[in-house]
Every structure is written in structure tokens, then in C-alpha cells.
Amino acid sequence: MDTSSNTPSNFIRAIIDEDLATGKHREIVTRFPPEPNGYLHIGHAKSICLNFGLAKDYEGTCHLRFDDTNPEKEEIEYINSIIEDVHWLGFDWGEHLYYASDYFEQLYGFAVELIKQGKAYVCDLSAEEIREYRGTLTKPGKNSPYRDRSVEENLDLFARMRAGEFEEGSRVLRAKIDMTSPNVVMRDPALYRIRKVEHHRTGDEWCIYPMYDFTHCLSDAIEGITHSICTLEFENNRPLYEWILDQVYPEPHPQQIEFARLNLSYTMMSKRKLLDLVNRGIVQGWDDPRMPTISGLRRRGYTPASIRDFAERIGVAKANSIVDVALLEHCVREDLNKTAPRTMAVLRPLKVVIENYPEGQVEELEAANNPQDPDAGTRKIPFAREIYIEQEDFMEDPPKKFFRLAPGREVRLRFAYFITCTDVIKDEDGNIIEIRATYDPETKGGSAPDGRKVKATLHWVAAEQSLPAEVRLYDHLFTKEDPNEGDVEENLNPNSLETLTEARVELNLATVEPGDRFQFERQGYFCVDQDSTKDKLVFNRTVALRDTWAKVQNQ
RNA sequence: UGGGGGAUCGUCUAAUGGCAGGACGGAUGACUCUGACUCAUCUAGUCUAGGUUCGAAUCCUAGUCCCCCAGCCA
């Protein structure tokens, strides 16, 4: 039974519950079967969480299997990244790491068996001819002239295909099913093709490679997979999946179940198009923090827990849909709110000189590391006569609802003092370059003994006693909810990356390491980038805090 | 035009003939040393038309719209 009470039900769980209840299976075995031809993205994460999650909840097993039957597109680099990403997401396959290429010899045996049964034949038609013979969606196909070769001849030809006697593309092994089937997939599909290409695992051992349809069902069967979960576009292939197993593999057979792949608003999910973004230099690489890849999300600062939570919340169904990226952002905020230490960083600094604060004096103030988590403790931050606040936290002529700093107005500096703006200093062009203020020594720590309140609390850093930093602000890569509509180029968001080079951060951040995550108070969640060094700190904004003031402003 | 699937608040997803529920988003308010968090209230949906039934998102009939399939890719 389903032992997980907090995971919402879905149609796949219903099938599993039924199979367990009727005794069809005693335990379940699933698998995640990536082709190592690219990096994993958030859509794969949905599948990973589904398959590994099911195995975990039902106390079954989930295999990681590389579907490596097309040596032309596949690379070791991708295998390594996939292994890293699945692990990072928090899943473990134990000893169940498999490669379809490990089954090549067995697969060959099944093909021979099929030939012996008279259900497969070597076809000498060219690729183009095969297409012509296949017919169309509305017109039936016609039989290949090679369809009725004898078993002996087929056996001989297939062996010689393997032996490398024939040119690439000169022959294929085909299943003998039904050229008039209304399902095009069943019109004598190719099972093996000749490719004289080095395979990243089997080297030059093979020059014939099995097709997906032949490989996948048999690999599932060999591994004892009970529920073979894949995406909707394979629905048409299911009859072939079952046909192949029916011919050559003893029961019980794995059951293929299809679900709708993930689409995210403002996000591109196709591997081909993502590769294109990388190749054209539109993004910096597969792990560019704007990419929906697992490695991009990791570099952006997303947590594995937040992605797992997301995968659970979006559910599993058969209807095509586009999930609002705001849900993903909500998930990471929720996770980071509980776990990320707070710190103060001023992204666009504006100097404030506190006129009645003694020159040269520096005092240490105590700040909570995470108000959501008392166990996170406190830290000391230096306060001095000259500090920086955020440019947007001051307005000379504030509108009604603005309650941050303005001439004559008093606000709180977080964990520090109340200050009152006394003067505004501008350059020749009228730009505000400095604020003059006074502080109330009685308000040390941030509260007034007389009980008076201030409307706003600002974050700040001491001017001298702070560190310079580069901060990278990210936004959606595309301006359109569905970037697949229309031209990719035109849908690109020109402001998907804004680099701030003048930011100042707390002295406490001197020792951070790449991957460390923080909340910059009142700003958002940030993560130390891999480009960061001791001399040049670099932070990525994972996601901004919700900002109701920004909404008010936009009205 | 053949075949295979799908349609429930703006979005995602439950409800398996018996009160259409949850989450995100949005709105309003409370709280607040983060305009954050939290909390409260509100918002808003069964593709259409018939039928069966005491009762239909669910069953039947007829439509409509959307997705997938004609690689020696997966």
C-alpha cells in the first residue's frame, strides 16, 4: 500500500494500488531511463521524483538506466552530469545502475529469436523507400519486397549485418507486423540499424544498434520493471512495446504508463532548443543560472528539497499543461525561509552620514541569524558613522504610501538605531549622492524606550566595515508565457540578467564558499556563485522576496 | 483526412453516481525590528447540447476544441 500520506494521489498510484491489491505484483520496480544526450532539466526532475518517489513510498526499487542506443548523440559527459544531478536531487539507486548497452548481446539474441519465429526480416529498402512504403496517416502502407525472405536468409543476413559486411543505411532489421495498421508505429518498424560508429561504452564491438522501441521494452523486462512510466508521446508506441514482449518474453510483462511531461511558463524545455541557447551563446552554458536545467537551478541556488516539493505539488496527470513558474519560486522561498541564514547586503548603495555619531567610532551590534529559527543564533555586525542604505529606500518627495526614509522622517536601521533624515546632498546634475541624518542613541538595538514606533525598517551596512560584491539579478529568460509560440529570438527577455557591481555586503560574508545560500534581508535569497573568490565575491539571486510595495508602486 | 490521447477556478490538481476540495496566483485585513514570514477573509471552475437517474464532473448520445504519430531519434 501507499505508505506516504502527504503525497497527493494520482492515476498512476491508483494503478499501483490496484496491482498490489489484486496481487498482480508483490512489490514495484520503476526506472528512470534518460538518454545521455544532454543535461537533465526540471522536466526530468518531475520524472525522477515520480519514479524514485513511487519506489520509496511503496518500498520498491527504482533503477537508473541509461538508454544509450544511439552512439551518434551520446557522450560520457552527459552520463556524468546525469548521475550527479539525480544524486543531488536526493535519490539513490543503490546497485541498480544499468545501461541498455549492457544488454546488447541479449537484445541481439531476442532479435534472432524474432527472426526464427518469422516475425522479423532484413529489409534492403533505403530509408527513403521505407518512408514511401510506409504510406501516410490516412493511406495504408505496402509490404516491402524483402518481407518474405526465408528465416535462413534473414538469419544469415542479420549475422552479416552484425559482422560489418554491409554499409551504413543499406539494410535494417524490421519487425513483421502489419503495413496496413492504422497505427503507423506498427507498420513493420525498424528494430536494428547499421551504424559504424564508436559507442561511448561498447567501443567498436558493435556496428548494429537496436532502436528505442526494441530496446526499451526488453530492457524493462530484463530488469523486472513492473511499471514503466514514460511521457505521452509514447502512447502510440505502447502497442509495439507490448507486441515485442508478447513474441519473445515470458510473462509477467512490465506495464507502460504515460503521463504528461512538465511545461513551465516563461521556460523552454526542449533539449534541442536548450542546446541551441548554449551553442549560440545566448546563455553561458548548460549551468547558466537562467537555464531550467538541474545544474542551472543548482547554480541559481535552488535546493533539492524545493524541487522535490515542487514535483509533488504539480501532480501527475495525462492532460497537457503549463505550470506557472511562480509555483516553483514559491517552493524555493518556502524552503529557504526556514533554512537560509539572514544577512544584510546593499545592492545599490546610497551613503548616509550620521552627523551626531562620533567620528572614528565603530560598535558591534547583535543580529539574529534567522528569526524563523532561534537555534540559528546571532552574529555581530559593525555600525559606524558612515553607512550605506539602498537607493530605493530613500525618496525626497515620497508618495503617500511610501514609508521609508524621506526628509525629516525617522526610520529604523535593522538591529541598529532609529535615524532621522536631516539633509539631502546632490551633485551638479541633481542626483542624490548622500543623505545626512541623526541617530537616537536611546534606540540601540532597534527599539525606542519611549515606545514610539517607526513605519519602516531598512537594511544597511557600514561603509568602511563592509565588503564589495558583485550581485547577479536574474529574471525569466523569456518574455512570453509560452516561448515556443513564435520566434525564440523575439521572445528572449533582454533583462534576464542584470549585473550589479557596486553592491556592499556584511563583513561576515568574507569566508563564504560557492553554493552557500543566504537571505539578503528585504531583498531575496542569494547563493554564492562558483565564480566567487575571496577577492571578488559573486552572488546569484535565486529568487526575490515577495514584494507588496513593488505591486503598490506599479498600480 | 486514419489512429491514439485529453478537456474541472487565471494556473496546477483532487473528487471513481452522493456537500465540486486543495495549492499557487490575485484582492482585502491583522501582525511585524524584513512592505518578508505567519494568520484571517474573499476571489474564481466541471468544453457544449441533449439524455439516463431521486441525484451526473463522473454513465449514455451527438458535437466542439487541444495534443501526439508518417526518424534507420528517444
Side-chain angles (χ1 to χ4, degrees), chain A residues 8-11 14 33-35 37 67 69-70 72-73 123 125-128 130-132 134-141 168-174 181-187 189-195 208-209 211-213 215-216 230-239 258 260 262 265 271 313-331 333-334 337-338 342 344 367-368 371-372 401-404 411-416 418 443 445-447 453-459 481 519-524 544-552:
Chain A
S9 184
N10 59 54
F11 78 99
E35 182 190 12
N37 67 345
D67 217 334
T69 58
N70 185 358
E72 289 172 306
K73 291 186 180 171
C123 181
L125 255 24
S126 70
E128 204 170 309
I130 285 185
R131 195 183 321 128
E132 283 161 14
R134 186 155 34 222
T136 68
L137 294 179
T138 49
K139 271 184 294 213
E168 271 193 23
S170 62
R171 277 166 235 254
V172 289
L173 182 73
R174 290 228 256 169
S181 171
N183 182 353
V184 192
V185 171
M186 298 299 272
R187 319 238 260 232
L191 266 22
Y192 269 87
R193 76 284 214 185
I194 300 169
R195 283 288 173 278
I208 56 172
Y209 291 95
M211 302 287 292
Y212 165 85
D213 286 305
T215 308
H216 207 91
C230 64
T231 43
L232 252 28
E233 68 270 24
F234 292 103
E235 232 157 359
N236 295 318
N237 301 50
R238 190 173 61 221
E258 310 86 12
L262 170 68
S265 59
K271 267 192 200 175
R313 287 185 194 229
I314 57 177
V316 180
K318 294 200 70 161
N320 288 313
S321 61
I322 302 179
V323 175
D324 192 340
V325 70
L327 179 60
L328 215 212
E329 294 171 346
H330 166 82
C331 290
R333 279 195 197 101
E334 190 174 75
N337 178 46
K338 289 179 295 192
R342 312 285 128 122
M344 291 195 286
Q372 307 287 323
K401 286 179 179 169
F402 183 90
F403 46 82
R404 275 110 94 146
V411 299
R412 174 190 296 111
L413 294 177
R414 182 107 159 121
F415 303 123
F418 287 11
T443 58
S447 50
K453 301 281 187 195
V454 287
K455 255 309 221 176
T457 300
L458 309 187
H459 62 277
E481 254 191 71
Q519 185 198 91
F520 289 176
E521 292 219 22
R522 303 208 307 134
Q523 300 279 3
L545 253 28
R546 284 185 72 218
D547 189 351
T548 44
W549 166 239
K551 279 180 205 160
V552 171

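Naming: A, B, ... by sequence-line order, numbering from 1 per chain.
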inquiry  = Please determine whether any donor N or O and acceptor N or O are separated by less than 3.5 Å between the side chain of A:Gln372 and the base of B:U38.
reply    = no
message = Can you identify which nucleotide, out of B:C12, B:G35, B:C72, has its nearest atom closest to the A:Ala190 side chain?
response = B:C72
inquiry  = For a quick check of understanding: with a heavy-atom distance under 4.0 Å over all strands, which category does A:Thr548 fall into, base, sugar-phosphate or nothing?
reply    = sugar-phosphate
request  = Check salt bridge (charged side-chain N to carboxylate O under 4.0 Å, His left out) between A:Arg313 and all other residues, then give those that pass, not counting sequence neighbours.
outcome  = A:Asp309, A:Glu334
task = Would you indicate what A:Arg134 reaches in the nucleic acid, counting non-hydrogen atoms under 4.0 angstrom: base, sugar-phosphate, or nothing?
result = sugar-phosphate
request  = Pick base, sugar-phosphate or nothing for A:Ile208, based on heavy-atom distances below 4.0 Å to the nucleic acid.
outcome  = nothing
note = The side chain to side chain donor-acceptor pair (under 3.5 Å) partners of A:Arg195 (sequence neighbours excluded) come to A:Glu72
A:Ser321 side chain, from C-beta outward: closest of B:A74, B:U34, B:U13 = B:U13
remark   = Pairs under 3.5 Å (Watson-Crick or G-U), crossing ones as [ ], inter-strand ones as |: RNA chain B comes out as .((((((..((((....[..))))((((((.......))))))...(((((..]....))))))))))).....
request  = Would you please confirm or rule out a distance under 4.0 Å between OP1 or OP2 of B:G71 and any side-chain N or O of A:Arg174?
outcome  = no
message = I want to check one thing: is the phosphate of B:C72, taken as OP1 and OP2, less than 4.0 Å away from some side-chain N or O of A:Arg131?
response = no
request  = Using a strict cut-off of less than 4.0 Å between a Lys/Arg side-chain nitrogen and an Asp/Glu carboxylate oxygen, indicate whether A:Glu235 and A:Lys318 qualify as a salt bridge.
outcome  = yes
key: Below 4.0 Å: OP1/OP2 of B:C73 and any side-chain N or O of A:Arg195   = yes
ask   = B:G71: syn or anti, with syn meaning chi within 90° of zero?
value = syn
ask   = How would you label the contact of A:Met344 with the nucleic acid (heavy atoms, under 4.0 Å): base, sugar-phosphate, or nothing?
value = nothing
query = Contact class for A:Tyr209 vs. all strands (heavy atom < 4.0 Å): base, sugar-phosphate, or nothing?
reply = nothing
request  = Mind checking A:Glu168 for me? I need base, sugar-phosphate or nothing, with any heavy atom below 4.0 Å counting as a touch.
outcome  = nothing
request  = Determine the contact category for A:Asp213: base if any of its heavy atoms lies under 4.0 Å from a base atom, sugar-phosphate if only primed atoms, P, OP1 or OP2 are that close, otherwise nothing.
outcome  = nothing
inquiry  = Students often get this wrong, so: under 4.0 angstrom with heavy atoms, is A:Arg187 touching a base, only sugar-phosphate, or nothing?
reply    = nothing
request  = Please work out if A:Thr69 contacts a base, only the sugar-phosphate, or nothing of the nucleic acid, heavy-atom cut-off 4.0 Å.
outcome  = sugar-phosphate
Hey, what are the protein-to-nucleotides 2-6 of chain B N/O distances that come in under 3.5 Å?
from	atom 1	to	atom 2	distance (Å)
B:G2	N9	A:Leu137	O	3.3
B:G2	N2	A:Pro182	O	3.4
B:G2	N3	A:Leu137	O	3.1
B:G3	N2	A:Asn236	OD1	3.0
B:G3	N2	A:Asn236	ND2	3.3
B:G5	O2'	A:Glu235	OE1	3.2
B:G5	O2'	A:Glu235	OE2	3.4

task = Have a look at A:Val316 and say if it touches a base, only the backbone sugar-phosphate, or nothing, with a 4.0 Å heavy-atom cut-off.
result = sugar-phosphate
request  = Could you give me the CA-CA distance, side-chain angles and deciding distance for A:Glu233 and A:Thr231, then say whether side chain to side chain donor-acceptor pair (under 3.5 Å) is met?
outcome  = CA-CA 6 Å; A:Glu233 68 270 24; A:Thr231 43; 3.1 Å; yes
ask   = For A:Lys139, which residues count as a side-chain contact (heavy atoms from CB on, under 4.5 Å) partner, sequence neighbours excluded?
value = A:Thr136
task = Scan A:Pro371 against the nucleic acid and name what it touches under 4.0 Å (heavy atoms): base, sugar-phosphate only, or nothing.
result = base
ask   = What nucleic acid atoms does A:Tyr192 come within less than 4.0 Å of, heavy atoms only: base, sugar-phosphate, or nothing?
value = nothing
query = Has A:Trp549 got its ring stacked on B:G35, by the test of a centre gap below 5.5 Å and a plane angle below 30°?
reply = yes
query = Which of these nucleotides, B:U34, B:A74, B:A70, is closest to any side-chain atom of A:Arg342?
reply = B:U34
I'd like a table of atom pairs between the protein and nucleotides 23-25 of chain B - only N or O on both sides, under 3.5 Å - with the distance next to each one.
from	atom 1	to	atom 2	distance (Å)
B:A23	O2'	A:Arg313	NH1	3.1

task = Using whole Å, report how far CD of A:Glu329 lies from P of B:C12.
result = 17 Å
message = Expressed as a whole number of angstroms, how long is the span from A:Ile130:CD1 to B:C72:P?
response = 6 Å
ask   = OP1 or OP2 of B:G71 less than 4.0 angstrom from a side-chain nitrogen or oxygen of A:Arg193, does that happen here?
value = no
